[in-house]
Every structure is written in structure tokens, then in C-alpha cells.
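Worksheet for the structure shown next.
Along the sequence shown, residues carry numbers from 1. The model shown is predicted, which means the values in this text are computed figures rather than measured ones.
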Amino acid sequence: MAGATIELDGLTKRFSGSPEPAVESVSMEIKAGETVILVGPSGCGKSTTLRMINRLIEPSSGRIRIDDQDVTDIDPVKLRRKIGYAIQSSGLFPHMTVADNIALVPKMTGWSKSRVKDRVEEMLDLVGLDPREFHDRYPRQLSGGQQQRVGVARALAADPPVLLMDEPFGAVDPITRDHLQDELIRLQHELHKTIVFVTHDFDEAIKLGDRIAVLREKSHIVQFDTPEAILTNPADEFVSGFVGAGAALKRLNLTRVRDVEIADFTAVTVDEPLQSIFDRLRTSRHNELLVLDARRRPYKWLRRGDLMRARGSLARAGTLVTHTVTRDATLRDALEAVLTDSAGRVPVTGRRGEFIGVVDMETLMNSVQELLEADRLTAIEHGEELAELKGHQEGHQDDDAGEPPV
């Protein structure tokens, strides 16, 4: 099922005992299949606004329509079964297996056992987790990133048109967070759901959003526009404060690794004979090669001389790969990875972590130069337009000055 339109009309929430509304008269139209990010300071009401869409919080006034149907007239329990919901802590039930967590909503909505079983395996594969490995695990046996993947799988299991996400990646480390963001981008390319996503991180908003709603107190919308428009033309000083310094660098979040050249690179697997690896190193046009593990995931950078110094042992040779990026990663992610890694390039991986190719510093710097040049030309054009407008206005003033008084 593809996405659905969402319309918020005068949405307001007043909590008892509070003199001021938490959310006041929010109106917003979200297109089907669009990812809209709600970003703003803590306490501005963005999570309250999100939770009113599936009526986890009941609005005090206003209307919510999904595909032109007023959801304030629908039983809230039935409504929530049609809307996916993912939160920061993943919200998995600790006493239930991964499979049972994912199967929960499909079972509640009356799916057959065989359909539920197939759907669980499909969802695990979709979020990059091997069903054979993770089906019967419990949440405590998963890393934080794996738990969040299962949380997203559960939210999507019943194939809802709308997915609500409340800071779902806020509790994981930065590297895992980058990969989860990439996974969400990949999923959205395949599924075309309508996603409403809450974050306080503007970089995350730029990376994920088709449009961003910048909110201030009471969820008042200061600017609702595309990431590029907000970066290049913030509505006021409040939005400029969210954009922060380095807007040109932030624009690297608008371009994906898949949009630039992913180069081939010599790679060997850990089980290849040492003599074969020696020969590959000797004939490689680079002074190093990439060692892949048994699942063809990047494992080590191996340079000429590493094997000799390690006395021919692959286990002691080379340098561990510390960073990888996916095709859905941004150029900013890739640039940070390249700058952190001494190799001067970063491996690009597929959905299961398998090696695809590399992106190097030269490719990334060329992209940065292109962005800077585009910004320079835009600034020149904008300056010429202002000069032309000023000249036009001065010409009118001269014309008016030359007219005799009436």
C-alpha cells in the first residue's frame, strides 16, 4: 500500500492545568508518499503534534484527515492499527521474540498464519536482517541499531499507508544512526509511504526530508519548504539559527553516494590463498587492496609490505575498516568517513553490508567544488537581479521627478 495524504486543520491541544496550549492552530497538508520532518527546539510541541495524528493524544480542537477521511470520527484503536508508529526506544516487547513483535499488528488485524509468517520474513529481509539469524531472538539479544530496525519492521508489518516516527534514531551511536537513516531512505524509495518524522537534529532533517516544517513554540510553523530552499533562503533569524554555520557544507546532505561515481577496487576474501593475495597486491594499480570477510563485507585494508611485516599471517596484517557507507548515504557522510579513515577512500556497501565499490577523496572534493561553484553563480545572479531591480526603481523615481505637479 502506497502513502496517503494527511491534512491538519487548526489542530490545537490544551493540557489541563496549563494556561497556554501546547499546540495551537496547526494547519498543514502532507502529500501522499512524502517524507515530512517536524524540527524545532525541545518543548515546542512537535511530538504532541505527531501523536495527535494517530490519536495517542486526543486533540482539543481541529481536524485530522487522512485521504480525506476525518480520523477524529474513527475508533482510535482501529486507527492506530492502520498507522505505523516508531519511537526512540524501539518499543519492542522484551518477552516476545523478534518474529512475534513484528507479527503483532498483522495478527490483531486478522491475517492468516501463513500470511503472517511470510510477512515477518519479508520485513526482516527488508530492513537488512537475516530471517534465519534474527527470527527467534529476543530484544535483549540485539544491538541498539538492530532493535531500531525491528521497530521499523514492526511499524511497517501491516502495510500501513502512514508511518509516524518520533526521534526513532536518537538513542543510538552516530555511526549506527547514519546507517539507520540510510536504511530509511532506501525503504522509502521502495515503499513510498507517507512519513511524518520528528527530530531536533537539523542535519537529520535535511538528510531525510522531502520537506521540512521548522516549528517554534506551540508548533507554530515558521517555514515549511524543501531542504534546499530552507538552506538557501531561510525565512527569518530563527530558521537561520537552526541552519547554523556552513550552509554550503550542509548541502552535501542533499546529494547521495549513488549520485556520484562508485569506483571498482581490488578486493580479496579472507579465505583466498596468501600467494594469490600477494599476486593481487603486486598487480594492483593501487598500493593496497581490500580484504572481505566470509560474507563479503569490508574487513581490512591491506597494503604492500603488511603481509611481510606480519610474517605472512593475514590475521595480523592490515588495518581494520572502521567506516563504510551505503549508496543512500549522503556525500557529507562519505566525506566524514573518508576524513576519519587513513585510506583516503571509503567502502560502499549494500543492504546486507556486502562490498560494492569505493568512493574516494577526489570524487568527493570535485562534488564540493561543484556545489561551491553553483552557490557562487547563484549569488552572482541574485546580485544582478537586485541591481536590476534597484535600477528599475530608481528609473521610476526619476520619471516621477520629471513629471509636472497636477
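- In this structure, E354 contributes its side chain and R352 its backbone to a donor-acceptor pair below 3.5 Å.
- Summarising the local packing, CG of D68 is surrounded by 12 or fewer heavy atoms from other residues, nucleotides or ligands at distances under 6.0 Å.
- A donor-acceptor pair shorter than 3.5 Å cannot be found between the side chains of T363 and E261.
- Within a 6.0 Å sphere centred on CD of E237, heavy atoms belonging to other residues, nucleotides or ligands number 12 at most.
- At least one cation-pi condition fails for R80 and Y85: the charged atom is not both under 6.0 angstrom from the six-membered ring centre and inside a 45 degree cone around its axis.
- Taking OG of S42 as the reference point, atom NE2 of H200 lies at 6.5 Å (rounded to 0.5 Å).
- Between R65 and D70 there is no salt bridge, since none of the side-chain N atoms of the basic residue sits less than 4.0 Å from a carboxylate O of the acidic one.
- For the pair K193 (side chain) and P160 (backbone), a donor-acceptor distance under 3.5 Å is present.
- Comment: D210 does not engage K31 in a salt bridge, judged by the lack of any side-chain N to carboxylate O separation of less than 4.0 angstrom.
- A heavy-atom distance below 4.5 Å is not found between the side chains of M28 and E7.
- Of the possible donor and acceptor atoms, none in the side chain of R14 sits under 3.5 Å from a partner among the backbone N and O of A22.
- Judged by distance alone, with hydrogens and angles left aside, the side-chain atoms of T255 form no donor-acceptor pair with the main-chain N or O of L252 at under 3.5 Å.
- Taking 4.5 Å as the limit, some side-chain heavy atom of V270 sits within range of a side-chain heavy atom of V291.
- The side-chain tip of R345 does not point at the ring of F265 from less than 6.0 angstrom away and within 45° of straight on.
- Salt bridge D203/R332: present, at least one basic N to carboxylate O contact under 4.0 Å.
- No donor-acceptor pair under 3.5 Å is formed between the side chain of T176 and the backbone N or O of V172.
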